[in-house]
Structure formats: structure tokens, C-alpha cells
Amino acid sequence: MTPRRASRGAEEPDLDLFAPEPPPPPAPAPRAQKQRRPASQPERADSYPGETAQSAVTVSMLSQAARDVIEGAFIPLWVRGEVSDFKAHRNGHWYFCLRDRTAQIKCVVWSRDQRRVPASPDDGMQVVAFGRLSVYAARGEMQFTVLRIEAEGDGLRRKALERTRARLEADGLLAPERKRPLPRFPRVIAVVTSLDGAALHDIVAVLRRRAANVRLVVVPAKVQGDSAVLELCAALDRVNRWGKADLVIVGRGGGGREDLWAFNDERVARAVAACDVPTISAVGHEVDISICDLVADVRAPTPSAAAEAATRSHAELQGELRKLSLRMSSSARALVRRRADELRHLERDVAAASTELVQRSRRDLQDVAARLHALSPVATLARGYAVACDDHGATLSDVAAFRDEMPFDLVVRDGVVPSRVRRRSTDSEAT
Amino acid sequence: MKFEARLARLEAIAQQLESGELELSRALALFEEGVEQLRAAADELAKAETRVQQLAERASGTFDVIERE
């Protein structure tokens, strides 16, 4: 028993709650342990330590003996009970009681064992705890050293999820406005997953089927087990430092709750949030929603769906090109047709305008003709008037223009009558 | 030019043509460019392939990309 105690003492972190261990006393043992005593120790049939007042054992010796007995009698086991008086001490360890209606036992979870426990239990929680029974000599108490705890109804995992979620939310990592759109045509897609998992196989199959024009770069990481969290974080960090990916898919195929647990780890979630390029999270099957899913820019229900969300198929792109081609040619045709129509309109306008011009000119001409006609002496003559002209054709309109015996022409409606002034009088008188 | 840029350019050309407010000569030039871009994009599409690789980091912090089957 002594070597076991020594090794246990070495693993046990220093606690200010715990008094320094006494040096191992010589191992006294109650009667019950007699048969377990090493053969090298001589059997003293007549007396044993503590049999008489003179041979009284020390408290330490008694307590040590009790500890050896208890630790030797129980292998690690599961215990059911209700949590009370939970305290997370500032030394990093957790202390609480497990009780039922008639009994209670003090429990401790060393800080190094807490990573196996999803979250600290709350008072009043019904739990089963796995651990080993021991004796805390400094207080003379039995103590249950707990290694794992599971709460009824998965209470601890729920609590752990809620806590992680709340912390991420407080840091704004779940905000919808943080979500980045995926690149429409990623050339390089990094996939953070395990090399031998179904996820990688499914993603590659989808991309090949769609003949997507991409380079898929696998960044291997364990996705379950103790090292998964750190490997996932390291792989995501590696993608950032490499810097050549347009998009990251992080995930794994379906599995038990325990198997998916790394994707609920706050460190992994923060590593996803820290990705320089958009992220798609694909963890397990449709129903499994992980913390990682909440932080990623896009949550895909399965790895296959992630591959589909990330890329566009050959057929889809061909369709897009066809549509563009159609739009271009039809709009170009429409444009030409519109220009031709405009030209035709113009032609008609010009024709109409020129016709109008001719008509107007004709009208103007008629007007002018009419006015000319009105002003012309011809019309006057037609009404019976006559005009006298000298031999140069100048109009003789005053008496003074006439001299006696002067010849002149008298112009009438249908000709010229050669005439002569007979005699001039003061009154104008022409014949 | 990347496929994505070609598509964006084609989209812009189609929109300009659809607006109908272009000189005929400009429209023709755009249409010609569009046809050229379409042909290039289709060629690129025909050459599309999916490659699967693996990222490995050297101790020096530099990276190797290794082909996988």
C-alpha cells in the first residue's frame, strides 16, 4: 500500500485546504487486515498496536490505516446522489457533497480531472459520479475523489453548451451580421477533418460528381478523442497561416454525442470564428447542431451538403452562361430594332415636313399672286380706267405733264391708243 | 481573368445592352466583347477539374501541398 500512497501524494496538487501529508507511518493494521499484511512483517499473535494503553497508536497512524483499508476495499465505482454545497475553490478544485435521504459523502474533483466533466454540477442536480473512495486524513473524513460526472437528462452537457454559447454570444461571435457570404466561385477549399473519416469521402464524392472546378485541400485533424480539440484548433490556425484558401469546411460525419463533443468546445468555436475566410460547419447529421455550427458563416446539415453549398456544378454554370448569352443577344437585337424604327420614323417625319413646306410655299405663292393682282393696274384698266404714258412709258398723272399738241399713249384694257393733246386748258382735259 | 470576373463582366455587358441607351457602335462593341467572354468562360468550364490535395506544414512553418489520389 505504501508505494500507492506515495504515488497518489505526488499526483495530488498542493491544496491549501489540505494539510501536508504526514510522513508515512509504519503500517499498523486493524485485525481485519491481518491476512493482508506482508509476510515479511512478523506476526505478533499476542499483541497488536493499540491493544493496550501503552501501545496506543497515533491519530495519523489510525487514519492512515483506515485510508489503506478503504482504498484497498473499493475499486473506482459510480455513485448516484444529489449534489449540494458545490464550491469551485480558487485553487482550481471543485468541492461538493453527494447525498441521498440518509447519508452524504464529501467529494472533490481535482482541476486536472475537470476536463472530463462537461460542466460543473449545480446544487440540487441528480448525478452519477465515477471515482474512488478515500480518506482525507487532515479532517478525518471519508472523501470521494470524482473523475467523471454525468447528470440526469444530460444536464451537465446542456449546461456546458449553454455556458459556452453565452460566452460566445457575449463576445458577439454569434451575431447574424457577423456572417459572411460564401465566395460564389471558390478555387481553393480547405477541409478541416480527419483523413479517414466519412466526411472527407463524402465531400470529395460530391465535388467529383458536380465536376466542380476546385482544389480541395485537406487539413487533417482528429475529430474525436482527447486530442481532437487541440488538433482542430491547430488545423484551423494552419489554414489561416497558409492563407491560400477561399473557404473552409470544418466538420465530420455522424457519430455519438460523445464523438461530436469536440465541435462544442469553446476553443474550436473561437478558432472557427477566427478564420480569415468564410467557413462552413458540417458536424454529424441533420439533427446535430453544434456550437461550431453557430459560429460558422454557414451551417450545413451534412458534409455532403457543405460541399454542395460551397461549389456550383458544371451544369449550373453552363446554364448561367447560356442565360447570359441569351440576354445579350436578345437585348442587342432589340437595340438594333429600336434604332431601325427610329430611323423609319425620322424618314417619315422628313417626308411629312417637306410636303408641308411645298404646300405652304404654294399657299404663299397664291397669296402673293393675289396681292400682286390686286395691286396691278391691269385690274384697274379692266374696270374701264385708262392710263396716259409718254413715249418712254412713264405715267402722265398730272395736267402739268401735258403740253399742247403733245403725243402720248393711252393705255386701256386691251391695248394702247396713240393720242395727242389738242389744247391745254387750266383744267386738265385729255381726249 | 478569373471565371468569376468573366461572369461579372458578362452580367455588366448584358445590363448595359438591356438598358438600351447605347450608341449603336458602342452596343456592337459590347456585344462583341460579350461573345468573346462567353467563349472564354465556356472553354474554362470545359477544362474544369476537381483536385484533391493535402496541406502539410514543415517544422520551419512553411507549407507543402501534396496531391492525393
Side-chain angles (χ1 to χ4, degrees), chain A residues 183-192 195 200 203-220 234-235 237-239 241-246 307 311-315 317-318 320-336 338-340 342, chain B:
Chain A
R184 287 181 75 211
F185 301 100
R187 279 298 172 88
V188 180
I189 301 178
V191 180
V192 173
L195 281 181
L200 181 58
I203 289 170
V204 170
V206 167
L207 295 186
R208 289 213 196 281
R209 173 162 54 74
R210 292 160 67 89
N213 195 21
V214 291
R215 273 170 68 200
L216 192 77
V217 180
V218 190
V219 189
D237 177 56
R238 196 163 289 148
V239 172
R241 283 185 293 114
W242 180 48
K244 297 204 172 108
D246 302 318
T311 58
R312 316 189 57 203
S313 73
H314 192 264
L317 291 176
Q318 267 182 334
E320 189 147 332
L321 288 184
R322 225 174 0 250
K323 252 187 285 179
L324 277 166
S325 155
L326 216 63
R327 276 175 63 193
M328 270 188 4
S329 51
S330 69
S331 57
R333 245 199 314 274
L335 201 98
V336 169
R338 203 154 47 236
R339 287 287 179 275
E342 278 169 16
Chain B
M1 200 183 217
K2 285 174 106 181
F3 190 80
E4 187 166 10
R6 274 191 213 292
L7 272 196
R9 181 65 192 139
L10 278 167
E11 178 66 38
I13 289 173
Q15 273 178 16
Q16 270 184 285
L17 287 173
E18 280 162 350
S19 80
E21 289 158 5
L22 290 174
E23 293 287 329
L24 213 51
S25 61
R26 172 87 184 116
L28 202 66
L30 275 175
F31 186 75
E32 270 173 17
E33 189 199 336
V35 169
E36 202 47 53
Q37 295 281 13
L38 270 173
R39 186 172 303 133
D43 282 353
E44 230 171 296
L45 209 53
K47 281 186 290 195
E49 58 159 355
T50 306
R51 286 167 74 192
V52 182
Q53 301 172 316
Q54 185 175 330
L55 187 67
E57 187 173 5
R58 294 198 206 95
S60 59
T62 56
F63 293 95
D64 280 331
V65 179
I66 308 154
E67 294 295 327
R68 280 172 66 87
E69 19 74 64

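Each chain gets a letter, A, B and so on, in the order its sequence line appears, and its residues count up from 1.
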Sort out for me which of [options] touches chain A most, counting heavy-atom pairs under 4.5 Å.
{"options": "B:Ala27, B:Gly61, B:Ala42, B:Ala14", "value": "B:Ala14"}
{"options": "B:Leu7, B:Leu24, B:Leu45", "value": "B:Leu45"}
{"options": "B:Arg51, B:Gln15, B:Glu21", "value": "B:Arg51"}
{"options": "B:Leu28, B:Thr50, B:Leu30, B:Leu22", "value": "B:Thr50"}

With a 4.5 Å cut-off on heavy-atom pairs, point out which of [options] contacts chain B the most.
{"options": "A:Ala212, A:Ser329, A:Ser330", "answer": "A:Ala212"}
{"options": "A:Arg184, A:Arg241, A:Lys323", "answer": "A:Arg241"}
{"options": "A:Arg238, A:Glu320, A:His314", "answer": "A:Arg238"}

Under a 4.5 Å heavy-atom cut-off, does chain B meet the side chain of [X], its backbone, both or neither?
{"X": "A:Ala211", "result": "backbone"}
{"X": "A:Arg339", "result": "side chain"}
{"X": "A:Val188", "result": "neither"}
{"X": "A:Arg215", "result": "both"}

Query - B:Lys47/B:Glu44 salt bridge by N-O under 4.0 Å criterion - result: no
Query - Side-chain ion pair, B:Glu11 and A:Arg327, N-O less than 4.0 Å - result: yes
Query raised in the report: Does A:Asp246 use its side chain to pair, donor to acceptor, with the backbone of A:Arg187 at less than 3.5 Å?
Result: yes
Query raised in the report: Side chain of B:Arg58, backbone of B:Asp64: donor and acceptor closer than 3.5 Å?
Result: no
Query - Neighbour count above 12 (heavy atom, 6.0 Å) for A:Glu342 CD - result: yes
Query raised in the report: Tell me, side chain or backbone of B:Gln16 under 4.5 Å from chain A's heavy atoms, or both, or neither?
Result: neither
Query raised in the report: Contact part of B:Phe31 toward chain A, heavy-atom cut-off under 4.5 Å: side chain, backbone, both or neither?
Result: both
Closest non-hydrogen atom pair between [X] and [Y], with its separation:
{"X": "A:Leu195", "Y": "A:Pro220", "answer": "CG-CB, 3.7 Å"}
{"X": "B:Leu10", "Y": "B:Gly34", "answer": "CD2-O, 3.4 Å"}
{"X": "A:Val217", "Y": "B:Gln54", "answer": "CG1-C, 4.1 Å"}

Query raised in the report: Of all residues at least two apart in sequence or in a different chain, which pass the side chain to side chain donor-acceptor pair (under 3.5 Å) check with A:Arg333?
Result: none
